[in-house]
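Everything numeric here is computed off the predicted structure, so don't read it as measured data. We count residues from 1, following the sequence as given.
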Amino acid sequence: MPNEYYDVIIVGGGTGGLNLAALLSHAGKKVLVLERSGEEGLGGRAASATLNGSAVDNGIKGLIMAGTQDEVFRRIGKEIPENVCEWTNSGQVYMDGQWRKLDDMIQESPNEFIRVYKQTAVDLTYEQLEELEDISIEKFVTDNTDDQNVIDFFRYLGWLFGGTLPIPTDYSAGSLFYSIKKQVDTNGFMPSQSYWVKGGTGAIATRLIESIKENGGEIRTNTPVSRIVIENGRAIGVEIEEGPKVIPTQFRDTTLFEAPVVVSAVAIWDIFNILSKDDLSPWYAERLEYTHRRTLNLATLTYELDKEGLWDHTGQRWAQKGPVSGKPWCASSLRYSEDKNRYQASFWMQLGWWEKPNYFQMNDASHKTALKKLFEDWEADVKILFPQVVENALWKIRAFGPATIMEAPGNVGSKLIDIEAEGIEGLYLVGERTSAAKIMGVYGSAQTALKAFDLIVDKYPVK
Ligand SMILES: Cc1cc2nc3c(=O)[nH]c(=O)nc-3n(C[C@H](O)[C@H](O)[C@H](O)COP(=O)(O)OP(=O)(O)OC[C@H]3O[C@@H](n4cnc5c(N)ncnc54)[C@H](O)[C@@H]3O)c2cc1C
């Protein structure tokens, strides 16, 4: 098969890769996206499926309104998919056997809260926030106040901010406040405005794919890349294996797809399948490995219901310690499906970091047993705290997966990798793993796509 030529080859058709492909093809670049899964897997971890006529997301529970995904849609001239349900920061925390309103922590110390909050998210510029990248939240907040309510508030901000769980106190203050500032700039004063996408988060991928194709971009599914090819310090293309794989040990022929710019948009745990550490500078390889070990794993439980108002669906509930599981988890809002009068109650639980017992390498029976028990105990928690949800469920889905690096302990700016692979000409990495992401999840991926786009067209102008 003859070699093929493109301006930019993007490995991975998750939202990171698709956002970048949409931006580049809209700007006139000849782009090829290679995705290992089938059509239905486009969107990656943000893909959606349909179950009994309802959209089911691949784990995702809500998107942070931080403006970056909207910015991509604005630049490519497409509407951002419609938002079906918003939630705000009016939630409650289940601690010491009772529900406590997070708002109360603010109300008990309003002036001090506003002072600390204002001097970060509101008054500091994005450039000044960059300087806080290597400072932990714990240090930043305790250096700025003695007020326990304010310290607690920032500790619980992970819940408020992304709808998940408290972020570790050694997480980067710069990244946290950057994300808050983006949300403040997009929505007004308070952070943590999140929303459900109509048709599931997969609707984002669908619209990006439309735009890529309209602008002459190419997407090949069922095409796993086996290697990014690097020669004499520059990326020259990617190799894919050809022909049927008949026996597991078979060595197949490869085809080279050439491009002066290659983007890895695969998740962090897949990077070393396509990139050899030996090709990278030792320093960059070390940072990549560090990031790789800092993955946050999430489990989610979704119940579909046909009743309205089981609890205030604009707020979230966070159980600091589940009554049976003993683990912290978050109860997200209900998604309203206008056409069918259906709701989805969503629960999510943060599992271990990469180096802790890993529920995602469950090739052996003991891991499967552990995960089964985890879900059973968790469902028992839900039944105690939200009996109406369990009793009225039309169906439920248990899901789990590696989610993000954003909240990992010690995850401060300069330890994370940059978008430009140091020492290798023409190689870029996008997705929520890079230091440029800052915002969690899909909006973090969009943020890195925007930055990668600027870097690429600056260095390789559109002819
Ligand atoms: C359970 C769970 C809950 C989550 N909840 C939220 C949430 O509520 N809000 C939020 O914003 N985010 C959430 N996230 C995170 C969000 O899903 C991710 O941050 C985002 O989708 C990452 O996009 P990405 O493009 O960087 O990576 P991915 O979506 O992982 O895309 C990478 C793509 O690369 C492909 N690939 C890998 N290797 C190869 C190869 N060799 N060749 C070709 N293709 C390859 C993969 O198949 C995949 O499609 C959640 C994730 C999980 C797992």
Side-chain angles (χ1 to χ4, degrees), residues 1-14 16-17 20-21 24 29-36 44 220 223-242 245 249-295 354 402 405 408 411 413-437 445 448-449 451-460:
M1 202 193 210
N3 295 346
E4 306 194 30
Y5 180 86
Y6 296 89
D7 289 327
V8 182
I9 293 176
I10 298 174
V11 187
L20 181 60
L24 288 168
K29 291 276 187 193
K30 185 168 160 37
V31 178
L32 170 67
V33 178
L34 298 170
E35 167 57 43
R36 69 178 168 193
R220 297 196 190 185
T223 314
V225 166
S226 53
R227 170 167 99 97
I228 293 179
V229 185
I230 294 169
E231 271 179 19
N232 304 321
R234 62 164 309 125
I236 60 156
V238 303
E239 270 179 6
I240 60 161
E241 292 178 7
E242 290 293 347
K245 193 166 170 102
T249 52
Q250 184 184 347
F251 190 81
R252 291 182 296 173
D253 276 343
T254 55
T255 301
L256 176 70
F257 288 79
E258 286 181 82
V261 177
V262 178
V263 179
S264 163
V266 306
I268 188 84
W269 41 89
D270 285 326
I271 270 185
F272 292 126
N273 297 337
I274 55 170
L275 207 53
S276 162
K277 275 178 225 166
D278 297 339
D279 284 331
L280 305 166
S281 77
W283 177 78
Y284 195 80
E286 194 185 299
R287 293 216 304 190
L288 203 49
E289 282 214 300
Y290 170 87
T291 312
H292 187 260
R293 289 196 304 271
R294 293 292 187 283
T295 304
W354 196 260
I405 59 148
N411 219 353
S414 65
K415 288 193 180 150
L416 302 178
I417 52 168
D418 297 324
I419 286 178
E420 279 174 299
E422 195 214 47
I424 301 178
E425 189 68 22
L427 178 63
Y428 297 83
L429 288 91
V430 308
E432 63 357 347
R433 77 205 66 93
T434 66
S435 59
S445 276
T448 62
K451 293 232 166 169
F453 171 79
D454 291 343
L455 289 169
I456 292 169
V457 294
D458 186 49
K459 206 159 191 177
Y460 304 87

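- For the residue pair Pro224 and Ile240, the shortest heavy atom distance occurs at O-CG2, 3.6 Å.
- Glu241 is linked by a salt bridge (Lys or Arg N to Asp or Glu O under 4.0 Å) to Arg252, counting only residues two or more places apart in sequence or in another chain.
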Q.
side-chain contact (heavy atoms from CB on, under 4.5 Å) for Val238 and Val229? Distances and angles first, verdict last.
A. CA-CA 5 Å; Val238 303; Val229 185; 5.7 Å; no
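- Of all the heavy atoms in Ile417 and Arg433, the pair that sits closest is CD1-CG, 3.8 Å.
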Q.
Could you go through Leu288 and Phe272, starting from their C-alpha distance and side-chain angles, then the distance that decides it, and tell me whether this counts as side-chain contact (heavy atoms from CB on, under 4.5 Å)?
A. CA-CA 9 Å; Leu288 203 49; Phe272 292 126; 3.7 Å; yes
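- Between the side chain of Ser445 and the backbone N or O of Gly431, no donor-acceptor pair lies under 3.5 Å.
- Looking at residues two or more places apart in sequence or on another chain, you find a salt bridge (Lys or Arg N to Asp or Glu O under 4.0 Å) between Asp270 and Arg36.
- In this view, Tyr290 satisfies the ring-ring contact (aromatic ring centres under 6.0 Å, His included) rule with no residue, not counting sequence neighbours.
- Contact check for Asp7 versus Val31: no side-chain heavy atoms found under the 4.5 Å cut-off.
- Annotation: side chain to side chain donor-acceptor pair (under 3.5 Å) contacts of Asp454 (sequence neighbours excluded): none.
- Taking each heavy atom of Gly426 and Ala235 in turn, the nearest pair found is O-CB, 3.8 Å.
- In terms of the salt bridge (Lys or Arg N to Asp or Glu O under 4.0 Å) criterion, Lys30 has no residue partners (sequence neighbours excluded).
- The two residues Lys459 and Glu420 make their nearest non-hydrogen contact at NZ-OE2, 3.9 Å.
- Within the structure, every pair that satisfies the salt bridge (charged side-chain N to carboxylate O under 4.0 Å, His left out) test and touches residues 224-236, not counting sequence neighbours, is listed here: Arg227-Glu239.
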Q. How far apart are the C-alpha atoms of Leu427 and Ile230, what are their side-chain angles, what is the distance that settles it, and do they pass the side-chain contact (heavy atoms from CB on, under 4.5 Å) test?
A. CA-CA 9 Å; Leu427 178 63; Ile230 294 169; 4.1 Å; yes
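- With sequence neighbours excluded, the residues that form a side chain to side chain contact (heavy atoms under 4.5 Å, CB included) with Ala265 are Ile10, Val430.
- Taking each heavy atom of Leu20 and Phe453 in turn, the nearest pair found is CD1-N, 3.6 Å.
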Q: Might you work through the side-chain contact (heavy atoms from CB on, under 4.5 Å) test for Val457 and Leu24, ending with a clear yes or no?
A: CA-CA 8 Å; Val457 294; Leu24 288 168; 4.2 Å; yes
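- Within the 4.5 Å cutoff, side-chain heavy atoms of Leu32 are placed close to those of Leu34.
- In this view, Glu286 satisfies the salt bridge (Lys or Arg N to Asp or Glu O under 4.0 Å) rule with no residue, not counting sequence neighbours.
- Annotation: side chain of Val263 is not in contact with side chain of Leu429 (no heavy-atom distance under 4.5 Å).
- For the salt bridge (charged side-chain N to carboxylate O under 4.0 Å, His left out) condition, the pairs that include at least one residue of residues 273-285, sequence neighbours left out, are Lys277-Glu289.
- With sequence neighbours excluded, the residues forming a side chain to side chain donor-acceptor pair (under 3.5 Å) with Ser281 are Glu422, listed by chain and number.
- Looking at Leu455, Asp418, Val8 one by one, the single match for side-chain contact (heavy atoms from CB on, under 4.5 Å) with Tyr428 turns out to be Leu455.
- In this structure, the separation between CD1 on Ile236 and CD on Glu425 is 13.5 Å, given to the nearest 0.5 Å.
- At distances below 3.5 Å, not a single donor-acceptor pair connects side-chain atoms of Thr448 with backbone N or O atoms of Ala436.
- Nearest heavy atom pair, residue Val33 against residue Gly13, reads CG1-CA, 4.0 Å.
- Residues satisfying the side chain to side chain donor-acceptor pair (under 3.5 Å) test with Tyr6, not counting sequence neighbours, are Glu4, Glu218, Arg220.
- Scored by the side chain to side chain donor-acceptor pair (under 3.5 Å) test, Ser264 finds no partners at all (sequence neighbours excluded).
- Between atom CD1 of residue Ile228 and atom CG of residue Asn273 there is a gap of 11.0 Å, rounded to the nearest 0.5 Å.
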